[in-house]
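Model, not experiment: these values are computed from the prediction. Numbers for residues simply follow the sequence, beginning at 1.
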Amino acid sequence: MNDLQKRTWVEISLGNIKHNYEAIRSDIPSGCRFLGVVKADAYGHGALRVASLLQDCGADYLAVSCLDEALELRDGGITMPVLILGHTPWQYTETLIENNITQTVTCLAKAEEYSAAAEQLGRELTIHIKVDTGMSRLGFLCDGSLSEEGIGHIVRACRLPGLRAEGIYTHFAVSDESGEENRAYTRRQFSLFLHVVEELRDRYGVSFSLRHCANSGAVVNYPEMALDMVRPGLLLYGYGDSSHRLGLKPGMRFVTTVTTIKHYEPGTFISYGRKYETKRRTRVGVLAVGYADGLPRAASGKCSFATRWGPVPQIGTICMDMCMADLTDVYEAEVGTEVELFGEHADINTLSAAAGTIPYELLCSVTKRVPRVYK
Ligand SMILES: *Cc1c(COP(=O)(O)O)cnc(C)c1O
C-alpha cells in the first residue's frame with residue numbers, strides 16, 4: 001500500500017500470533033495437541049496466512065466452520081489435518097475425502113448419510129463425533145434420560161462402514177465467564193463429556209485418539225480439561241480476558257487517519273441526527289473510517305481511540321465512511337495522523353463493550369475494503 005493511499009487499514013502481526021501460539025503451547029501439558037481455530041478468515045486475520053504460520057510452527061490440527069473455508073486452505077497448499085466444525089451436506093462426501101478433510105458428525109442420521117456415500121465410493125471419511133453437553137447447539141444429546149439412546153447412537157455411528165472415528169469433542173457455553181454458577185455449569189459439561197467417553201470405551205469398546213473440549217476460555221480457566229488436544233481461537237489472536245496473564249499480544253491493529261481538521265464554536269451540532277453538541281470551541285478531526293469499514297455504529301459517542309499523544313474521544317454519530325473525533329486536547333494531531341481504533345494502544349474490549357458486543361464480532365466485522373497489511 002502506497003503511503004498516500006493510507007486511509008484505513010488493519011495491520012496484522014504474524015509475529016504476535018506466533019508468539020501467542022508458543023505461549024499457549026508452553027502453558028498446556030506436554031504431549032497435548034494443538035488445534036488452531038481459523039474459521040471466519042481466522043477471526044479476520046487471514047485464514048491462509050495464519051494456517052501457513054501454524055503449519056510451519058508445528059501445530060497439529062486446524063478447524064474451520066464450513067467446506068468452503070476448508071477448501072480455501074487446501075487450495076492454498078495447507079496439508080495438515082483440517083476439521084470442519086459445522087454441517088456439510090452428505091453430497092460433498094467425495095470432496096471431503098478427496099481433500100482429506102475431517103468432518104464433524106452431530107447425529108446418527110448424518111452419520112448414516114456420510115457412511116452410505118463413502119461406501120458407494122469405496123473410501124473412508126474421517127470424522128469427529130460431537131457431543132452436546134449443554135451448549136444446546138450441535139451434537140448427540142447424552143444427558144439424563146437421553147444417556148442410553150445418545151451413547152447407543154454414537155456407537156452405531158462409529159461402527160458404520162466408510163467412517164473412521166478419529167475424535168470426539170464437545171463445546172463449552174460459559175468457560176470464559178466467571179461466577180460460581182458458570183464454573184459449576186462448565187464442570188458439569190466436562191464430567192458429562194468424560195462420562196460419555198468412558199461409557200463408550202468401557203461398555204462398547206469404542207475409543208478415540210483425539211478427545212477435545214478446551215476452547216480459549218477453558219485453556220485459560222480449566223487447564224485440567226486439556227485432554228488430548230486444545231482448541232483455542234480468540235486466545236491465539238491475543239484477545240480475551242486472560243490474554244494479559246499469558247502475556248499474549250494482539251494479532252490485529254485497526255488503524256485509520258485524520259483527513260480534515262476544523263474548529264467549531266460551542267453549541268455546534270456534529271454529524272447525523274444532531275446527537276452531539278460542542279460544549280467548548282472544539283477542534284474536530286474527521287476520520288476516514290465508518291461502519292462500512294467495520295467500526296460499529298452502536299459505539300457512536302461512547303468510545304475513544306488512541307493516538308501517539310493520547311486518547312481522542314469519538315463524537316457524534318458514526319457514519320458509513322467517516323466519523324469525528326475531538327482532537328482539542330491532542331493539539332499535535334494533524335491531517336494524516338494515525339488513529340488506532342483497537343490494537344496495542346486501544347483495548348478492543350473497551351470498543352466492543354461500547355458497541356454492546358464482544359471482541360469476536362469486531363474482529364470478523366472488518367470489511368473487505370479495509371486492506372490487510374502483514375508484518
Ligand atoms: C469457534 C469455536 C472454538 C474456538 O472458540 P474460542 O472461544 O475463540 O477459543 C472452539 N470450538 C468450537 C466448536 C468453535 O465453534
*Asks:* Please list, chain by chain and in numerical order, all residues satisfying ring-ring contact (aromatic ring centres under 6.0 Å, His included) with Phe305, sequence neighbours excluded.
*Replies:* none

*Asks:* Testing the 3.5 Å rule here: is there a donor-acceptor pair between the side chains of Lys130 and His171?
*Replies:*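 His171 and Lys130 do not have a side-chain donor-acceptor pair below 3.5 Å.
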
*Asks:* Hey, what do you get for OG1 (Thr93) to OH (Tyr114), rounding to the nearest 0.5 Å?
*Replies:* 6.5 Å

*Asks:* Can you tell me how far apart CG (Leu108) and CZ (Arg156) are? Round to the nearest 0.5 Å.
*Replies:* 5.0 Å

*Asks:* Which residue, Glu344, Glu340, His345, forms the side chain to side chain donor-acceptor pair (under 3.5 Å) with Arg253?
*Replies:*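 Of Glu344, Glu340, His345, side chain to side chain donor-acceptor pair (under 3.5 Å) with Arg253 is met by Glu340 alone.
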
*Asks:* With sequence neighbours left out, which residue pairs that include part of residues 37-47 fulfil the side-chain hydrogen bond (donor to acceptor under 3.5 Å, both in side chains) condition?
*Replies:*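 Qualifying pairs: none.
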
*Asks:* What are the two closest non-hydrogen atoms of Val230 and Ala226, and how far apart are they?
*Replies:*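 The pair with the smallest heavy-atom distance is CG1-CB, 3.8 Å.
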
*Asks:* Might you point out which heavy atoms bring Leu236 and Asn20 nearest each other, and give the distance in Å?
*Replies:* O-ND2, 3.0 Å

*Asks:* Does the distance from a Lys or Arg side-chain N to an Asp or Glu carboxylate O, for Arg123 and Glu98, drop under 4.0 Å?
*Replies:* yes

*Asks:* So, taking the atom named CD1 in Ile348 and the one named CD in Glu361, what distance separates them when rounded to the nearest 0.5 Å?
*Replies:* 10.5 Å

*Asks:* Considering the options Val82, Leu71, Thr88, which one meets the side chain to side chain contact (heavy atoms under 4.5 Å, CB included) requirement together with Leu96?
*Replies:*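 Option passing the side chain to side chain contact (heavy atoms under 4.5 Å, CB included) with Leu96: Thr88.
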
*Asks:* Does atom CD (Glu124) have a neighbourhood of more than 12 heavy atoms from anything else shown, all under 6.0 Å?
*Replies:*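 More than 12 within 6.0 Å, yes.
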
*Asks:* Which residues pass the salt bridge (charged side-chain N to carboxylate O under 4.0 Å, His left out) test with Glu22, sequence neighbours left out?
*Replies:* Lys18

*Asks:* Would you be so kind as to tabulate the donor-acceptor pairs closer than 3.5 Å made by side chains of residues 315-322, with sequence neighbours excluded?
*Replies:*
from: Thr317; atom 1: OG1; to: Tyr272; atom 2: O; distance (Å): 2.9
from: Asp321; atom 1: OD1; to: Arg369; atom 2: NH1; distance (Å): 3.1
from: Asp321; atom 1: OD1; to: Arg369; atom 2: NH2; distance (Å): 2.7

*Asks:* Looking only at side-chain N and O atoms, does His212 offer a donor or acceptor that is under 3.5 Å from a partner on Arg33?
*Replies:*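 On atom types as modelled, these side chains do not qualify, holding no pair under 3.5 Å.
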
*Asks:* Going by distance alone, is a donor N or O of one side chain under 3.5 Å from an acceptor N or O of the other, for Tyr169 and Thr104?
*Replies:* yes

*Asks:* Please find the pair of heavy atoms, one from Ile84 and one from Ser65, that lie closest to each other, and give the distance.
*Replies:* CG2-O, 3.5 Å

*Asks:* Is Arg187 paired with Glu180 through a side-chain N to carboxylate O contact shorter than 4.0 Å?
*Replies:* yes

*Asks:* Taking distance alone, no hydrogens or angles, what donor-acceptor pairs closer than 3.5 Å link side-chain atoms of residues 279-289 to residues at least two apart or in another chain?
*Replies:*
from: Lys279; atom 1: NZ; to: Glu277; atom 2: O; distance (Å): 3.0
from: Arg280; atom 1: NH1; to: Asp329; atom 2: OD1; distance (Å): 3.3
from: Arg280; atom 1: NH2; to: Asp326; atom 2: OD2; distance (Å): 3.1
from: Arg280; atom 1: NH2; to: Asp329; atom 2: OD2; distance (Å): 3.4
from: Arg281; atom 1: NH1; to: Glu265; atom 2: OE2; distance (Å): 2.8
from: Thr282; atom 1: OG1; to: Arg280; atom 2: O; distance (Å): 2.7
from: Arg283; atom 1: NH1; to: Val330; atom 2: O; distance (Å): 3.3
from: Arg283; atom 1: NH1; to: Ala333; atom 2: O; distance (Å): 3.2
from: Arg283; atom 1: NH2; to: Ala333; atom 2: O; distance (Å): 2.6

*Asks:* Does Phe208 have more than 12 heavy atoms from other residues, nucleotides or ligands lying within 6.0 Å of its CZ?
*Replies:* yes

*Asks:* Please report the interatomic distance CG(Asn99) to OG1(Thr79), rounded to the nearest 0.5 Å.
*Replies:* 12.5 Å

*Asks:* Compare all side-chain heavy atoms of Ile151 with those of Phe140 and state whether any distance is below 4.5 angstrom.
*Replies:*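 Contact flag for Ile151/Phe140 side chains = no.
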
*Asks:* For Glu72, enumerate each residue passing the salt bridge (charged side-chain N to carboxylate O under 4.0 Å, His left out) test, keeping only those at least two apart in sequence or located in another chain.
*Replies:* none

*Asks:* To check you understand the geometry: which heavy-atom pair defines the closest contact between Ser300 and Arg297, and what is its length?
*Replies:*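 The answer is OG-O, 2.6 Å.
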
